[in-house]
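Take a look at the structure set out below.
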Amino acid sequence: MDGVVKGLHEDPHTLDVVDMGFLVDTGKQLILVDAGAGTWWGGGVLGRLAGSLRSAGYAPEEVDIVLVTHLHSDHVGGLTTQDGKRVFPNAEVYVAKAESDFWLSPEIAAKAPKDAQPFFQSAQAIAAPYIKAGKWHTFSGSEAIVDGVKIVPLPGHTPGHTGYEFSSKGQKILFWGDIVHAQRVQLQHPEVTAIFDIDQTAAAATRNQLLARLARENVLIATPHTSLFPALGRLHKEGSGYSWVPVVFTDRWDEK
């Protein structure tokens, strides 16, 4: 940890946390990839996604589909209020069957370590109103859900951790969930895992394979845990690791 702190030039007593969801307007549908933490994680510091959508001109009621990378509360907490109301009442929610079966299982939860219990409790409470409304859907493998969207299984972080690759006009963007937590460490050292990875060996193997492909194919990446807004970038091979080339945000366009 001393080496990490020195490398990042940061105060070891503070934590800069960023937690994003992404809205894709296909022209036909509004698709949300992950929903942020809501009030389920972060002690009230997070939970601004619904307000951000409104600021961008979209109402939560207009969202048609939510694609879930995994069921940790910092990625799905924004789906449901603490009193059990659906934040996206008209959305169909999709999650990998392996992910849903794991976190929503009372039997698995009962056998889980004490410090893991809150993850199970929050996942079950967040999913409940969508299940009751018939809007909770699971998928297996790489079956198609939406035209132009490819399901990319990315196991390791959680049992059903999944990425979603959107394609349009010959270009691709991958929403990769929690492939990377500490960008400045794990891109240079993909073998480094996070304590939140359920299967750390599988998580490292998935990351190694995926980073190589993304750099080779020059795929645009959307990553939820980076302070570089708008959290989009590409990978370049650099020595034994990779460097991040961010997309620079602009709201000004000159037409010529």
Side-chain angles (χ1 to χ4, degrees), residues 17-106 108-109 116-140 143-147 149 151 157-164 166 175 177-178 222 224-225 231:
V17 176
V18 179
D19 188 18
M20 297 194 191
F22 299 89
L23 185 71
V24 180
D25 186 345
T26 70
K28 296 179 180 179
Q29 294 175 307
L30 293 181
I31 302 175
L32 187 67
V33 183
D34 284 345
T39 57
W40 294 85
W41 193 88
V45 174
L46 304 173
R48 302 174 187 172
L49 186 135
S52 295
L53 289 178
R54 291 189 181 94
S55 296
Y58 299 97
E61 294 78 12
E62 295 177 298
V63 173
D64 299 298
I65 293 172
V66 181
L67 301 178
V68 174
T69 62
H70 61 297
L71 292 179
H72 281 166
S73 56
D74 58 323
H75 291 258
V76 293
L79 288 175
T80 305
T81 63
Q82 288 282 350
D83 59 355
K85 292 185 173 61
R86 287 175 286 144
V87 175
F88 304 99
N90 298 312
E92 307 292 332
V93 179
Y94 290 86
V95 61
K97 187 176 187 300
E99 188 75 3
S100 186
D101 287 351
F102 181 81
W103 294 108
L104 304 188
S105 167
I108 295 175
Q117 291 293 330
F119 288 98
F120 288 91
Q121 294 162 3
S122 61
Q124 292 166 14
I126 291 162
Y130 291 90
I131 294 172
K132 184 177 181 181
K135 291 183 173 293
W136 188 264
H137 309 284
T138 62
F139 55 82
S140 300
E143 65 188 66
I145 296 174
V146 183
D147 288 343
V149 179
I151 292 170
H157 178 57
T158 59
H161 185 240
T162 301
Y164 300 94
F166 286 61
F175 299 84
D178 279 1
H225 298 308

Practice task
Compare every heavy atom of Ala109 with every heavy atom of Gln117, then report the nearest pair and how far apart it is.
Solution key: NE2-O, 2.6 Å

Exercise for the section: Check for a donor-acceptor pair, side chain of Glu92 on one end and backbone N or O of Asp64 on the other, with a separation under 3.5 Å. Expected result: no

Practice task
Indicate yes or no: at least one non-hydrogen side-chain atom of Thr81 is less than 4.5 angstrom from one of Thr39.
Solution key: no

Practice task
Indicate the atoms forming the closest heavy-atom contact of Ala222 with Phe175, along with that distance.
Solution key: CB-CD2, 3.3 Å

Problem - Ring geometry between Trp103 and Phe119 (parallel below 30°, tilted from 30 to 60°, perpendicular above 60°) - result: tilted

Exercise for the section: Can you measure from CG (Leu32) to CG (Leu23) and round to the nearest 0.5 angstrom? Expected result: 6.0 Å

Problem - Nearest heavy atoms of Ala125 and Thr80, plus distance in Å - result: O-CG2, 4.2 Å

Handout entry: Side chains of Lys135 and Val93 in contact at under 4.5 Å (non-hydrogen atoms)
Key = no

Problem - Inter-residue atom distance Leu67.CG - Ile145.CD1, 0.5 Å rounding - result: 6.0 Å

Problem - Interatomic distance, Tyr130 atom OH to His137 atom NE2 [nearest 0.5 angstrom] - result: 11.5 Å

Exercise for the section: Return the orientation label for the His75 and His225 ring planes: parallel under 30°, perpendicular over 60°, tilted otherwise. Expected result: perpendicular

Fill in the blank from the handout: Residues Ser73 and Ser122: closest non-hydrogen pair is CB-OG, 3.6 Å

Exercise for the section: Of all the heavy-atom pairs spanning Arg86 and Ala133, show the shortest one and how long it is. Expected result: CZ-CB, 3.7 Å

Practice task
Indicate whether any N or O donor in one side chain lies under 3.5 Å from an N or O acceptor in the other, for Asp178 and His70.
Solution key: yes

Completion exercise
CG (Asp19) and CG (Leu46) are apart, to the nearest 0.5 Å, by 5.5 Å

Exercise for the section: Would you please test Leu71 and Thr158 for side chain to side chain contact (heavy atoms under 4.5 Å, CB included) and show each step? Expected result: CA-CA 8 Å; Leu71 292 179; Thr158 59; over 6 Å; no

Handout entry: Side chain Tyr58, main chain Ser52, donor-acceptor under 3.5 Å
Key = no

Practice task
Quick one: pull up CD1 in Ile131 and CD in Gln124 and give me the separation to the nearest 0.5 Å.
Solution key: 9.0 Å

Handout entry: Polar side-chain atom of Asp34 near backbone of Gly36 as donor-acceptor pair, under 3.5 Å
Key = no

Problem - Validation row: Pro129, Lys85 side chains within 4.5 angstrom (heavy atoms) - result: no

Practice task
Please lay out, stage by stage, how Phe88 and Leu53 fare under the test side chain to side chain contact (heavy atoms under 4.5 Å, CB included).
Solution key: CA-CA 11 Å; Phe88 304 99; Leu53 289 178; 3.8 Å; yes

Completion exercise
d(Phe139 CZ, Lys97 NZ) to nearest 0.5 Å is 12.0 Å

Problem - Tyr164 and Ile31: CA distance, side-chain angles, deciding distance, side chain to side chain contact (heavy atoms under 4.5 Å, CB included) verdict - result: CA-CA 11 Å; Tyr164 300 94; Ile31 302 175; over 6 Å; no

Practice task
With side chain to side chain contact (heavy atoms under 4.5 Å, CB included) as the test, would you mind laying out the steps for Val66 and Tyr94 before giving the verdict?
Solution key: CA-CA 6 Å; Val66 181; Tyr94 290 86; over 6 Å; no

Handout entry: Side-chain donor or acceptor of Gln29 paired with backbone N/O of Ile65 under 3.5 Å
Key = no

Exercise for the section: Measure the acute angle between the ring planes of Phe102 and Phe120, then classify it against the limits of 30° and 60° as parallel, tilted or perpendicular. Expected result: tilted

Practice task
Locate the shortest heavy-atom distance separating Ser100 from Val95; write the atom from each residue and the value.
Solution key: CB-CG1, 3.9 Å

